Every structure is written in C-alpha cells, then in structure tokens.
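Structure first, commentary second.
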Amino acid sequence: MPDELWELFQRVVPEAPTRPQGAGRRRHGDREVLAAIVFVSTSGCTWQQLPTASFGPSGATAHRRFTEWTQARVWAKLHRLVLDELGSRGGLDWSRCAIDSVNMRALKRGNLTGPNPVDRGKYGSKIHLITDRNGLPLSVGISAANVHDSKALVPLVQGIPPVRSRRGPRRRRPAKLHADKGYDYAHLRRWLSARGIRHRIARKGRDSSQRLGRHRWVVERTVSWLADCRRLHRRYERKAEHFLAFTSIACTLICLRRLTR
C-alpha cells in the first residue's frame, strides 16, 4: 500500500474504540486492515479468500472494519481529501467535465438493483460518475440498472464536493459539462444554465455521437480504469453502501495515481 494513501487515510479514519485492559485479542492495526481492504478491492477476491498470512487480519476482521469505516463515510472523505490535494497542486482541470454511467450485474441482488434493459432483464446496478477534463472522478453514485441516466445528472453535479484550488476559493462547479444523448432533456439544460454551467449534450436525431466523443472519451477511459478494481466487475454486495464504498475506493486509487505521478 502506498505511503501517501496511508498518510491521507490517517486524517479521516475514526479513532479506535478503547477496551478494558486485557479484554479480547489485540486489535489489528488500521494500516494492516486498510492494505487488506485495498487488496480485496483490486484483486476481486472474497473476504474468505484473503491471504491472512500476508496481511495479518482475517477476512472476517477486514470485513468488519470495512463495514465500520463505511458507516463512518471514511471512503467518501478519503476521496474528497485526495481531490483536495490534487486541487491545491493544480492537478484538476474544471474547464470541461463529462458524465457517463456503466452497468454492473448484481449477482446477489440487494437494494438499488433492478432489471437491466440491455442485459436480458438480469438484475444489476449502475455506476454514475462525473470526471474532469483529465478523466479524474469528481463525483460518483450508484442506482438500479433500470434507472435512466438522466435522473443521475442533478445528484451527481450536486455531489461534487468543494475542492481546494491552487489560488482562490474552493470550486465545485465545472465550466462546461459534456454528456451523451441519454441526458438530452430541456429541464436538465435549464438546470445547468441556471447554475452557470455550460452544457454540450448530444441531441437525439441531430448530433453525431462520434463528434461528441472527441471530448467524452475521457470519462469512458475512466470507466475502464474502474475495471482495474476487479471487485467492480460484478456487484457481489447486497448492501448498496458497500458497493458504493468499493466504487469510492476505486476512484480514490485513480486520483492517487495522478497525485503521486
């Protein structure tokens, strides 16, 4: 696990609960458990398959700590912290952002799943994300697979955190947003314009997808980067917050690569 990730993680992880002296087993260190969680995320193995001899904590311990940290919103805070570090160094480009989604099959169903209209009605979920001009994820969310892409635009834009800048105040609104024909609705254009965000949304029956793809390819590349976290190849988690947590971990690792480059 990179030292940079651990240094940032220490700033968002809650303090360990205190226990009476001599009660229970020794608590595994947060760094050991974090390394185990990142391994599960990137390798795609189950919690039971976690190699205890290599990491120390068992799969049950790592899963329990993962649940605790998910409830404390540690992963969202960590993603925001990495964005802050990038923004303070001028590593984010707000001039042109893009939005897109990708479907994932849900093997165990669970909440925020639904029949996928493009996968023979099999149950799945969608990952929605907005990226900056370089493809760094700024905002991420999940929904059922049968939820239309257009319904995610407003929550995603509102979900962009106020990020530090090299100069001036924090920023949370892109100058321009690119989207495909799935977002071709007048009320979305009006909503973006009211917030000072220029939009380039492909119009059904008029605009060529290839022409718009000159700027949207960065978000499609980011979707392929998400696949580096093999835990996201399928949705194995019944709980939506756990699936979103793995998505946030993947986004954090993508941003961290740019931060440490």
Side-chain angles (χ1 to χ4, degrees), residues 2-15 34 69-101 127-143 149-179 183 187-201 215-216 218-219 221-223 225-226 241 244-261:
D3 292 335
E4 295 82 0
L5 179 61
W6 170 240
E7 292 173 2
L8 295 173
F9 185 79
Q10 287 179 291
R11 295 162 58 180
V12 297
V13 65
E15 293 185 4
L34 177 61
W69 291 341
T70 299
Q71 293 174 349
R73 294 184 54 81
V74 167
W75 312 115
K77 295 175 183 177
L78 183 61
H79 180 207
R80 176 175 173 174
L81 192 58
V82 177
L83 288 176
D84 267 345
E85 291 295 323
L86 282 168
S88 64
R89 303 180 189 184
L92 296 176
D93 191 339
W94 296 87
S95 62
R96 181 182 291 124
C97 295
I99 184 173
D100 204 355
S101 68
I127 297 176
H128 306 266
L129 72 161
I130 291 179
T131 68
D132 78 335
R133 189 169 188 167
N134 298 316
L136 299 176
L138 300 174
S139 179
V140 64
I142 62 173
S143 71
D149 287 352
S150 62
K151 296 184 180 297
L153 187 145
V154 173
L156 276 184
V157 174
Q158 292 177 333
I160 298 176
V163 180
R164 290 169 56 188
S165 302
R166 177 178 288 179
R167 303 181 188 88
R170 291 177 175 269
R171 182 166 185 175
R172 63 182 306 173
R173 293 180 182 175
K176 191 174 185 179
L177 183 64
H178 287 258
Y183 305 87
H187 71 278
L188 294 180
R189 290 187 169 87
R190 290 193 299 267
W191 188 87
L192 291 170
S193 298
R195 283 149 185 81
I197 302 174
R198 292 183 297 151
H199 48 78
R200 181 65 177 91
I201 303 175
H215 303 299
R216 279 192 59 259
V218 291
V219 67
R221 181 185 61 181
T222 304
V223 169
W225 286 345
L226 290 177
E241 57 268 27
L244 180 60
F246 278 119
T247 306
S248 296
I249 292 173
C251 292
T252 299
L253 295 177
I254 291 172
C255 295
L256 186 71
R257 286 200 296 265
R258 181 62 59 90
L259 183 64
T260 57
R261 178 176 298 178

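It should be emphasised that the depicted structure is a prediction, and the values quoted were computed from it without experimental measurement.
The CG atom of Leu5 sits 5.5 Å away from the CG atom of Leu78 when rounded to the nearest 0.5 Å. How far CD1 of Ile127 is from OG1 of Thr247: 4.0 Å, rounded to the nearest 0.5 Å. In this structure, CH2 on Trp191 lies 4.5 Å from CD on Gln158, to the nearest 0.5 angstrom. Rounded to the nearest 0.5 Å, atoms NE2 (His199) and NZ (Lys176) are 10.0 Å apart. Here the straight-line distance linking atom OG of Ser139 with atom CZ of Arg80 works out to 12.0 Å at 0.5 Å rounding. Expressed to the nearest 0.5 Å, how far CG of Leu226 lies from CZ of Phe246 amounts to 14.0 Å.
In this structure, Val218 and Asn134 have side chains that are not in contact, with every pair of non-hydrogen atoms separated by 4.5 Å or more. Proximity of Leu81 to Phe9: side-chain heavy atoms (C-beta onward) are nowhere separated by under 4.5 Å. Considering only heavy atoms from C-beta on, Ile197 comes within 4.5 Å of Pro174 through its side chain.
Ser101 approaches His128 most closely through the heavy-atom pair CB-ND1, 3.5 Å. Nearest approach of Gly141 to Leu244, heavy atoms of both residues: CA-CD1, 4.2 Å. Of all heavy-atom pairs spanning Leu129 and Thr131, the tightest one is CD1-CG2, 3.8 Å. Considering every non-hydrogen atom in both Val82 and Leu259, the closest pair reads CG1-CD2, 4.3 Å. Closest approach of Ile99 to Leu153, counting heavy atoms only: CD1-CA, 3.8 Å. Scanning both residues, Gly91 and Leu136, for their nearest heavy atoms gives O-CD1, 3.7 Å.
Judged by distance alone, with hydrogens and angles left aside, the side-chain atoms of Arg189 form a donor-acceptor pair with the main-chain N or O of Ile201 at under 3.5 Å. Proximity of a side-chain donor or acceptor of His79 to a complementary backbone N or O of Cys255 within less than 3.5 Å is not detected. With hydrogens and angles ignored, the 3.5 Å screen pairs no side-chain donor or acceptor of Arg133 with any backbone N or O of Cys97.
The pair Glu4-Arg257 does not meet the salt-bridge criterion, since no charged nitrogen lies less than 4.0 angstrom from a carboxylate oxygen. Salt bridge annotation for Arg170-Asp84: present, with a cationic side-chain nitrogen under 4.0 angstrom from a carboxylate oxygen.
Inspection of the Arg171 and Ser165 side chains reveals no N or O donor paired with an N or O acceptor under 3.5 Å. A donor and an acceptor atom, one from each side chain of Thr70 and Trp75, are located under 3.5 Å apart.
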Margin query: Using the rule given for side-chain contact (heavy atoms from CB on, under 4.5 Å), can you reason through Trp94 versus Asp132, listing the C-alpha separation, both sets of side-chain angles and the distance that settles it, and then say yes or no?
Written below: CA-CA 6 Å; Trp94 296 87; Asp132 78 335; 6.0 Å; no

Margin query: Let's go through Trp225 and Leu253 carefully: what are the C-alpha distance in whole Å and the side-chain angles of both, what is the deciding distance for side-chain contact (heavy atoms from CB on, under 4.5 Å) to 0.1 Å, and is it a yes or a no?
Written below: CA-CA 10 Å; Trp225 286 345; Leu253 295 177; over 6 Å; no

Next item on the list: List the steps and the verdict of side-chain contact (heavy atoms from CB on, under 4.5 Å) for Val140 and Ile130.
Entry: CA-CA 7 Å; Val140 64; Ile130 291 179; over 6 Å; no

Item checked: Residue pair Arg164, Glu85: steps toward the side-chain contact (heavy atoms from CB on, under 4.5 Å) verdict -> CA-CA 8 Å; Arg164 290 169 56 188; Glu85 291 295 323; 4.2 Å; yes

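In Arg258, the CZ atom is crowded: over 12 heavy atoms of neighbouring residues, nucleotides or ligands sit closer than 6.0 Å.
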